[in-house]
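Here's the structure we're looking at; comments come further down.
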Amino acid sequence: MDLWESGERHISWAARSMPVLTALGERFAAARPLDGLRVAACLHVTAETAVLMGTLKAGGAEIALAASNPLSTQDDVAEALRGYGVAVHARAGVDRATYYRHIHQALDVRPDLVLDDGCDLVNILHTERTDLLDGVSGGCEETTTGVIRLRQMAAEGALRFPMVAVNDTRTKRMFDNRYGTGQSTLDGIMRATNTMLAGSTVVVAGFGYCGRGVAERAKGLGARVIVTEIDAVKALDATLQGYEVRPMEQAAPAGDVFITVTGNRDVITAAHVAAMKDGAILANAGHFDVEIDVRALDELASEVHRGIRPNTDEYVLPDGRRLLLLAEGRVVNLTAAEGHPAAVMDMSFSAQALAVAWLARERAGMAPGVYDVPQEIDQEVARLKLVAAGIGIDVLTGDQESYLHSWRSGS
């Protein structure tokens with residue numbers, strides 16, 4: 001009962017900052033766009049996700065939820081969600097085998113639609129639970145890594161149903177990836193280490209929307225920021241924004257804090273670790289725990305001191321240097337902090353909810369593949385957010401509309 005009450009308080013607190021999703025919940029309750037549909041979801045089990053689950057439940061969906069990261073699961077929220085009638089298969093801190101067992105349990109609902117965060121659920125459907133594929137008519141993916149994987153599946157002809165790339169909306173990339181990741185990543189690092197970023201050298205690996213947000217927030221706190229990149233255009237962008245750009249092998253000896261934000265593996269390797277200074281902090285804000293080669297770090301260390309601070313492990317190298325790994329190399333913003341602020345997730349999850357409703361309506365005529373969220377959904381989310389914030393914007397006049405859409409009148 002104590003756990004349930006704590007979860008209720010956390011969900012209620014998050015909902016205060018999620019006026020758009022709350023309004024959509026009322027709309028869904030009236031229209032019931034998901035009546036009779038079974039939804040399997042693999043998402044971070046947090047208070048913000050609970051508000052999304054409530055909206056989908058109000059729309060008529062039967063929901064089974066697994067965790068997309070064992071270290072981000074909030075057990076009290078999971079307990080409260082069960083009280084809402086959501087089948088939750090998640091517990092904080094479970095091992096890898098249990099993580100995958102939970103995904104299988106969520107899939108046991110025999111879903112019509114799926115929601116994924118990183119493509120693990122979709123991957124299992126296409127490799128181990130192929131008996132369920134004919135019943136799945138579509139789904140949504142909300143991460144950069146997941147969308148990359150889905151596009152590769154589609155290119156190889158392996159994807160068996162339509163998936164909507166919620167991650168690629170402008171509201172998601174700009175506000176969730178950039179501002180949400182930027183703030184919550186540094187929040188996690190500071191909670192875990194109590195380090196001072198002003199005057200330190202922060203190395204940001206990857207300058208996509210997430211990396212850009214991390215670099216901006218670190219610079220705003222007074223850090224010197226070095227960016228590493230593999231994309232020439234993004235590297236040039238970082239340079240023109242005033243950041244120093246180097247290869248990781250050159251950045252490794254200079255950094256005090258390292259933050260990987262790429263979605264790829266082996267971004268920080270044993271060779272980079274060997275060059276780092278005493279006391280360097282290693283954190284990952286990408287998706288999976290493969291960006292920092294934790295296995296190599298284990299092999300290099302002569303001693304490992306687990307939990308010297310919450311979510312902080314100290315690796316002592318043979319020469320006496322100490323490196324601090326945060327959150328076991330998993331996403332630091334959700335493990336050592338609370339993830340994105342609810343106000344940011346309000347937009348991401350509102351786009352998710354509207355995309356699910358759109359998919360439920362249009363799925364019969366959609367071939368397997370990766371689809372963009374309709375632009376009108378993106379605009380609707382932004383418009384509703386502005387209304388909730390009491391912000392007005394200009395509207396084009398008739399003459400302006402004609403000018404923009406005609407080639408006959410010239411300049």
Side-chain angles (χ1 to χ4, degrees), residues 34-46 49-50 52-57 59-75 77-79 81-82 84-143 145-150 152-154 156 158-167 287-288 349 352-353 355-357 359-360 363-364 366 368-371:
L34 306 176
D35 245 348
L37 295 179
R38 297 182 299 273
V39 176
C42 182
L43 305 170
H44 294 285
V45 181
T46 64
T49 299
L52 171 63
M53 295 296 100
T55 299
L56 301 183
K57 188 77 177 172
E62 176 188 346
I63 304 170
L65 172 65
S68 62
N69 186 327
L71 296 185
S72 68
T73 297
Q74 297 168 353
D75 284 337
V77 169
E79 188 64 30
L81 271 172
R82 280 190 277 269
Y84 293 176
V86 175
V88 183
H89 306 283
R91 191 174 69 252
V94 299
D95 59 19
R96 187 173 293 271
T98 307
Y99 164 76
Y100 281 108
R101 177 166 60 82
H102 286 161
I103 293 176
H104 279 280
Q105 288 175 316
L107 288 171
D108 286 342
V109 75
R110 305 190 72 83
D112 302 293
L113 300 172
V114 297
L115 305 181
D116 213 351
D117 185 312
C119 204
D120 272 354
L121 183 145
V122 170
N123 177 272
I124 288 175
L125 268 172
H126 285 76
T127 55
E128 301 178 41
R129 300 298 297 273
T130 55
D131 58 303
L132 301 177
L133 282 171
D134 288 343
V136 181
S137 52
C140 294
E141 169 58 54
E142 66 171 19
T143 67
T145 301
V147 170
I148 290 171
R149 292 180 167 190
L150 288 171
Q152 188 60 42
M153 290 176 70
E156 295 177 10
L159 187 60
R160 291 277 299 277
F161 47 78
M163 287 290 295
V164 181
V166 175
N167 178 78
H287 190 73
F288 298 112
F349 282 158
Q352 181 102 292
V356 171
L359 187 60
R363 59 199 167 117
M366 298 171 67
V370 181
Y371 292 79

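The first residue of the sequence shown is numbered 1, and numbering continues consecutively from there.
Rounded to the nearest 0.5 angstrom, Leu56 CG and Phe349 CZ are separated by 10.0 Å. With rounding to the nearest 0.5 Å, the separation of CG in Leu115 from CD in Glu142 is 8.0 Å.
Counting only distance, with no hydrogens or angles, the side chain of Lys57 and the backbone of Gly85 share a donor-acceptor pair below 3.5 Å. With Asp75 contributing its side chain and Arg91 its backbone, the two residues share no donor-acceptor pair below 3.5 Å. In terms of modelled atom types and a separation under 3.5 Å, the side chain of Thr49 and the main chain of Val45 share no donor-acceptor contact. Counting only distance, with no hydrogens or angles, the side chain of Glu141 and the backbone of Cys119 share a donor-acceptor pair below 3.5 Å.
Inter-residue side-chain proximity for His126 and Leu133 is flagged as met; some heavy-atom pair is nearer than 4.5 Å. Between Glu128 and His104 the shortest side-chain heavy-atom distance falls below 4.5 Å. Side-chain contact check for Met53 versus Leu65: some heavy-atom pair is nearer than 4.5 Å. By the 4.5 Å heavy-atom criterion applied to side chains, Asp131 and Arg110 are counted as neighbours. Contact of the Pro368 side chain with the Arg160 side chain is not registered, since no non-hydrogen atoms from C-beta on lie closer than 4.5 Å. Between Leu359 and Tyr371 the shortest side-chain heavy-atom distance does not fall below 4.5 Å. Looking at heavy atoms from C-beta onward, Val88 lies out of side-chain contact with Glu79 at the 4.5 angstrom threshold.
When every heavy atom of Tyr99 is checked against every heavy atom of Asn69, the shortest pair comes out as CE1-N, 4.2 Å. Ala50 and Val77 get closest at one heavy-atom pair: CB-CG1, 3.9 Å. When all heavy atoms of Leu121 and Ile103 are compared, the closest pair comes out as CA-CG2, 4.0 Å. Among all heavy-atom pairs drawn from Ala360 and Leu34, the shortest one is CB-CD2, 3.8 Å. The nearest pair of heavy atoms linking Leu52 to Leu43 is CD2-CD1, 4.2 Å.
Of the listed residues (Thr145, Val147, Asp117), just one forms a side chain to side chain contact (heavy atoms under 4.5 Å, CB included) with Asn167, and that residue is Val147.
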Next item on the list: Mind running salt bridge (charged side-chain N to carboxylate O under 4.0 Å, His left out) on Asp108 and Arg129 for me, showing each step along the way?
Entry: CA-CA 9 Å; Asp108 286 342; Arg129 300 298 297 273; 2.9 Å; yes
